[in-house]
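Each remark here refers to the structure printed beneath this line.
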Amino acid sequence: MTAEPARSVDDAAAGTGSGAGVPRHVAIIMDGNGRWAQRRGLPRIAGHRKGIEAARSVVKAAGALGIEVLTLYAFSSENWSRPAAEIADLMDLLRRFIRKELEALAGEGIRIRVIGDYQAFEPDVVELIDGAIARTADNSKATLVVALNYGSQSEITQAMRAIAHDVAQGRADAADITASTIDSRLSTNGLPPLDLLIRTSGECRLSNFLLWQAAYAELYFTDTLWPDFDEQALRDAVGDFARRERRYGGL
Ligand code: FPP
């Protein structure tokens, strides 16, 4: 068997060559902000600040590559265990990010969607988030999903509870429950299946992120710390994805 020539992102975008092509849905665990700052003798918040800039440019790059949905893990339900001052800094960054970037994102045709229990945030942050969702609701060029106070096990638990409730009330039959029943109860309902899951900073775990949705996702781990992850880094990840053979359990 002759080896297929390596397929570039541009080939993938043009729909030429073999392999998986451009992913429709990419999710990123943006890890390594703290270490980026530490290595420079800076406070952790400096790493988060730089991390926000990286997120902004990756959103742009994803659109240019033709990625339909980009899901970013910005705050996990486990992040509450961080020092209060760091949580406050993250919330401030979130406030500033929405105020500064919302109009530009809206102008770029990006629809903002949030997964996770962001209602637990300060009321003014909740209001800003709701405003961002409403402001971009009619956009359809690409979707930016931000995971805020998100935890996959809790999301799946809530879905199971809702389904169990339906069965108990006689609205559903347990025998009819399928994977799509569960899909439809998750916060990612209606989004294309997750194709590619990226984690930066050298850690190789999922950390309670999109556990159900990642069933057939391709995983990509890079040592690059999140603040250093740029357009080229995204192109490298997408290029790697484009060369993969996806078999979904088949041959
Ligand atoms: C991981 O770095 C990063 C996060 C805690 C989340 C990502 C956050 C941003 C990109 C900033 C924007 C966040 C919000 C809420 C708007 P880390 O601190 O775990 O890095 P380390 O593992 O090197 O300590």
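As the structure lists them, so they are numbered: ligands from 1, and atoms in each ligand from 1. Keep in mind the model is a prediction, meaning the values are calculated, not measured.
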How close does the nearest protein non-hydrogen atom get to atom 4 (C) of ligand 1, and which residue and atom is it? Met30 O, 4.0 Å
Could I get the full list of salt bridge (Lys or Arg N to Asp or Glu O under 4.0 Å) partners for Arg44, not counting sequence neighbours? Glu86
Would you say that more than 12 heavy atoms from the other residues, nucleotides or ligands in this model lie under 6.0 Å from the [atom1] of [X], or not?
X      : atom1 : value
Asp138 : CG    : no
Arg171 : CZ    : yes
Gln153 : CD    : no
Glu78  : CD    : yes
Glu127 : CD    : no

Measuring from the heavy atoms of Ala55, does anything fall under 4.0 Å of ligand 1? no
Is there a heavy atom in Ser201 that sits closer than 4.0 Å to ligand 1? no
Hey, which atoms in ligand 1 end up nearer than 4.0 Å to a heavy atom of [X]?
X     : value
Gly34 : 17 (P), 18 (O), 20 (O), 21 (P), 23 (O), 24 (O)
Ala74 : 6 (C), 7 (C), 8 (C), 13 (C), 15 (C)
Arg35 : 21 (P), 22 (O), 23 (O)
Leu90 : 13 (C), 15 (C)
Leu94 : 16 (C)

My understanding is that we take every heavy atom of each candidate and find the minimum distance to atom 2 (O) of ligand 1. Doing that for Asn33, Ile52, Ile28, which one comes out nearest?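 The residue whose heavy atom sits nearest atom 2 (O) of ligand 1 is Asn33.
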Check each heavy atom of Arg82 against ligand 1 and say whether those closer than 4.0 Å belong to the side chain, the backbone, both or neither. side chain
Tell me which part of Gln38 gets within contact of ligand 1: side chain, backbone, both or neither, using heavy atoms under 4.0 Å. neither
[X] N/O to ligand 1 N/O under 3.5 Å:
X      : value
Trp226 : no
Trp36  : no
Arg44  : yes

Only counting residues at least two apart or in another chain, list the ones meeting ring-ring contact (aromatic ring centres under 6.0 Å, His included) with Phe75. Trp80, Phe121
Please tell me whether His25 and Asp195 have a donor and an acceptor in their side chains that are separated by less than 3.5 angstrom. no
Roughly how far, to the nearest 0.5 Å, is the OG1 atom of Thr71 from the CG atom of Leu144?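 Result: 8.0 Å between the selected atoms.
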